[in-house]
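Structure first, then comments.
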Amino acid sequence: MKTLSSYLKGAWVCGQGKGATLHNATTEEPIAEASTEGLDMAGALDWARTVGGPALRKLSFAERGAICKKLADAIVAHRDELLLLGMANAGNTRSDAKFDVDGASATFAYYAELCKSLGDAHYLVDGEPIPLGRSSRLSGQHVLVSRVGVAVHINAFNFPAWGLAEKAATAIAAGMPFVAKPATSTALLAQRMFEVMLQSGALPDGSAQLICGSVGDLFDHLGAQDVVAFTGSSDTAAKLRGHRRVLEKGIPVNVEADSLNVAIAGPDLEPGAPTYDLFLSCVVKELTQKAGQKCTAIRRIFVKAEQVDTVVADLTDRLSQHKVGAPTLDEVTIGPLSTAQQKADALAGIAKLAQEAKIVFGGPDKLTLHGADASKGYFVMPTLLCATDGDALKAVHSHEVFGPVATVIPYRDGAHVIALAGRGEGGLVASVYSDDKQFLQEMALGLAPFHGRVCLGSEKVAGAFIPPGTVMPHLLHGGPGRAGGGTELGGTRGMLLYMQRTALQGFGPYLEGLASVGKKL
Ligand code: NAP
């Protein structure tokens with residue numbers, strides 16, 4: 001069985017003891033082990049701060065972009081090998097594995113282009129000079145410079161490739177070295193992708209390190225210039241935010257956590273219309289892709305009360321065309337969940353939702369498998385529930401079932417559906433499907449306070465619409481409240497976590513000279 005090593009202080013190293021075991025999600029066979037016991041986490045942070053940071057900060061944005069370009073190319077060159085690892089370890093179908101691995105290379109490629117456009121500058125300039133007196137002698141100017149610490153990246157199990165890449169790309173672009181810690185259960189793909197990145201020769205010494213297994217005492221050694229970017233459950237997020245060292249040193253912690261994402265069918269939708277079809281296909285895509293293990297997957301489907309029966313029938317029809325089973329088979333569209341714990345949590349979650357809403361498709365006792373041994377593997381049937389009274393629901397608005405599970409909920413009018421969506425207490429993405437301009441505008445502004453992203457689907461964009469669960473590097477990823485309050489990606493916006501915004505005050509012409517050498521945000 002493979003032992004997953006970590007890459008710290010310029011060398012591949014293994015921890016002592018047996019460590020955690022990784023499994024094949026279809027067969028439950030153990031496939032690797034990872035331990036970090038006894039590894040020098042303090043030394044790793046120091047190496048990043050003293051070697052990696054200075055090396056990256058010396059480079060212009062364009063030169064950092066060239067690194068991202070080489071990393072994207074290296075991942076593309078090893079694509080097939082990486083896809084197979086995703087299929088074995090994370091239970092991905094080939095299509096799901098592509099979503100993860102191609103998402104990783106595409107994000108590096110995007111930041112490569114963005115950095116190229118930022119040119120020879122080393123820092124960003126925020127806004128215009130601000131006169132501070134009657135004349136322009138004394139003025140103010142905001143600038144953003146790289147933090148001189150290390151970025152700690154902690155990722156969830158569901159995107160071992162993309163999760164590592166999206167945080168790494170923004171940190172490199174901003175000039176900050178990183179230590180990445182993928183979730184242990186799916187670290188096989190993350191570790192190999194990191195190895196491929198290193199072998200590209202693009203990464204300056206100290207700019208990138210990898211922890212496979214627990215973080216050990218790493219948090220005890222964080223310093224005031226360091227940053228943490230975390231993706232995972234709100235329980236872990238709360239622990240990390242409350243870590244003594246994080247509190248004492250005022251260390252920024254960016255959190256991407258749980259979310260009960262909504263899809264809203266407009267009251268104008270007619271069965272057979274392109275926008276209605278778009279709504280159905282987005283809902284089914286988000287329920288089934290990666291077996292629903294996406295932070296951006298649709299969990300609550302809002303439909304006008306009188307349309308509920310039609311929508312349930314149409315969704316049921318489409319879901320019944322999907323096949324659950326061995327992710328290596330071409331006809332299978334839904335693989336297993338990634339771990340035994342995820343399966344147990346998803347089944348418990350369905351039971352919880354079923355106390356408030358009726359199961360209308362799937363359910364724990366309806367599993368039909370294709371090409372897989374039913375006594376093994378972490379399979380969950382796609383499950384659709386339907387509620388009758390959205391206001392009376394509690395678990396449906398608060399409990400994220402991290403699997404192929406969603407609930408249809410009736411609404412009365414625009415104000416009602418906005419209030420119901422808000423019961424999720426903050427989400428990553430909402431999507432609305434309507435050809436009524438007034439309704440779309442009401443939804444866009446009404447949903448915005450509760451969501452990091454709002455996707456407006458209509459006939460005008462039906463042919464080009466990107467399903468809401470797809471995170472784009474150009475646009476912000478993150479959401480308020482339950483979703484963690486974080487912001488990742490979104491071009492330069494994602495880089496701001498790794499940079500200090502400072503107000504400079506002084507002689508106007510001096511500041512203008514300084515601003516002219518930076519790149520305007
Ligand atoms: P998790 O248990 O919180 O684990 C997330 C990461 O935190 C893993 O790398 C885990 O490492 C690490 N971790 C756990 N305890 C830690 C500690 N005390 N100190 C430092 N690191 C620690 O979450 P999960 O089960 O992997 O992920 C599922 C959740 O993530 C879902 O609720 C989902 O909504 C959320 N999610 C959010 C997004 C988003 O972008 N908003 C994306 C994906 C998932 P080990 O694996 O070694 O335990």
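All ligand and atom numbering here is 1-based and tracks the order in the structure. These numbers come from a predicted model, not from an experiment.
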Enumerate the atoms of ligand 1 whose separation from the nearest heavy atom of A183 is less than 4.0 angstrom. 8 (C), 9 (O), 46 (O)
Non-hydrogen atom of K294 closer than 4.0 Å to ligand 1: no
Nearest protein heavy-atom contact for atom 4 (O) of ligand 1: which residue, which atom, what distance? T236 OG1, 4.4 Å
Atom 17 (C) of ligand 1 has as its nearest protein heavy atom L240 CD2, 4.0 Å
For A156, the ligand 1 atoms whose distance to one of its heavy atoms is below 4.0 Å: 26 (O), 27 (O), 43 (C), 44 (C)
Which atoms form the tightest heavy-atom contact between P404 and L337, and what is the distance? CD-CD2, 4.1 Å
Pairing of R94 and D80 as salt bridge, 4.0 angstrom limit: yes
Regarding Q341 and D345, do their side chains bring together a donor and an acceptor under 3.5 Å, going by distance alone? yes
Between F157 and F402 (judged by ring centroids, cut-off 6.0 Å), do the two rings come close enough to count as a pair? yes
Let me have the donor-acceptor pairs involving side chains of residues 227-234, under 3.5 Å, with sequence neighbours excluded, atom names and distances please.
unit_1	atom_1	unit_2	atom_2	d
T231	OG1	K167	NZ	2.5
S233	OG	T236	N	3.4
S233	OG	T236	OG1	3.1
S234	OG	D258	OD2	2.7

Compute the shortest N/O to N/O distance between D258 and ligand 1 and return yes if it is under 3.5 Å, no if not. yes
Atom 28 (C) of ligand 1: closest protein heavy atom, distance to 0.1 Å, is F157 CE2, 3.7 Å
Can you list everything that forms a side-chain hydrogen bond (donor to acceptor under 3.5 Å, both in side chains) with T339? Sequence neighbours excluded, please. none
Working to the nearest 0.5 angstrom, can you tell me the gap between L315 CG and F279 CZ? 5.5 Å
Indicate whether the side chain of H477 and that of R453 have a donor and an acceptor atom separated by less than 3.5 Å. no
Tell me whether ligand 1 is touched by H477 - counting only heavy atoms on the residue side and a distance under 4.0 Å. yes
K181 N/O under 3.5 Å from ligand 1 N/O: yes
Classify the side-chain pair S5/Y7 by whether it contains a donor and acceptor separated by less than 3.5 Å. no
What protein heavy atom is closest to atom 23 (O) of ligand 1, reported as residue, atom name and distance in Å? S233 N, 3.3 Å
When you measure from atom 8 (C) of ligand 1 to each heavy atom in N155, N158, V152, which option holds the nearest one? N155
To the nearest 0.5 Å, tell me how far T107 OG1 sits from W162 CH2. 7.0 Å
Considering only non-hydrogen protein atoms, determine which one is nearest to atom 31 (C) of ligand 1 and report residue, atom name and distance to 0.1 Å. E400 OE1, 3.7 Å
Between R49 and D226, does any side-chain N to carboxylate O distance fall below 4.0 Å? yes
Run the contact test for A257 against ligand 1 with a 4.0 Å cut-off on heavy atoms, strictly below, and give the result. yes
Shortest protein contact, atom 35 (C) of ligand 1 (heavy atom only): G232 O, 3.3 Å
At a 4.0 Å threshold, what atoms of ligand 1 neighbour a non-hydrogen atom of V215? 19 (N), 20 (C)
closest protein heavy atom to atom 5 (C) of ligand 1 is T231 O, 3.6 Å
Ligand 1 atoms in contact with T184 (distance to a heavy atom under 4.0 Å): 45 (P), 46 (O), 47 (O)
What atoms in ligand 1 come closer than 4.0 Å to a heavy atom of Q342? 25 (O)
Any heavy atom of F159 sitting closer than 4.0 Å to ligand 1? no
Starting from atom 12 (C) of ligand 1, locate the nearest protein heavy atom and write down its residue, its atom name and how far away it is, to 0.1 Å. I154 CG2, 3.7 Å
Flag the pair E425 and R482 as a salt bridge only when some basic side-chain nitrogen lies within less than 4.0 angstrom of an acidic carboxylate oxygen. yes
R79/D102 ion pair, N-O < 4.0 Å: yes
Of all the atoms in ligand 1, which lie at a distance below 4.0 Å from a heavy atom belonging to F402? 31 (C), 33 (C), 34 (O), 44 (C)
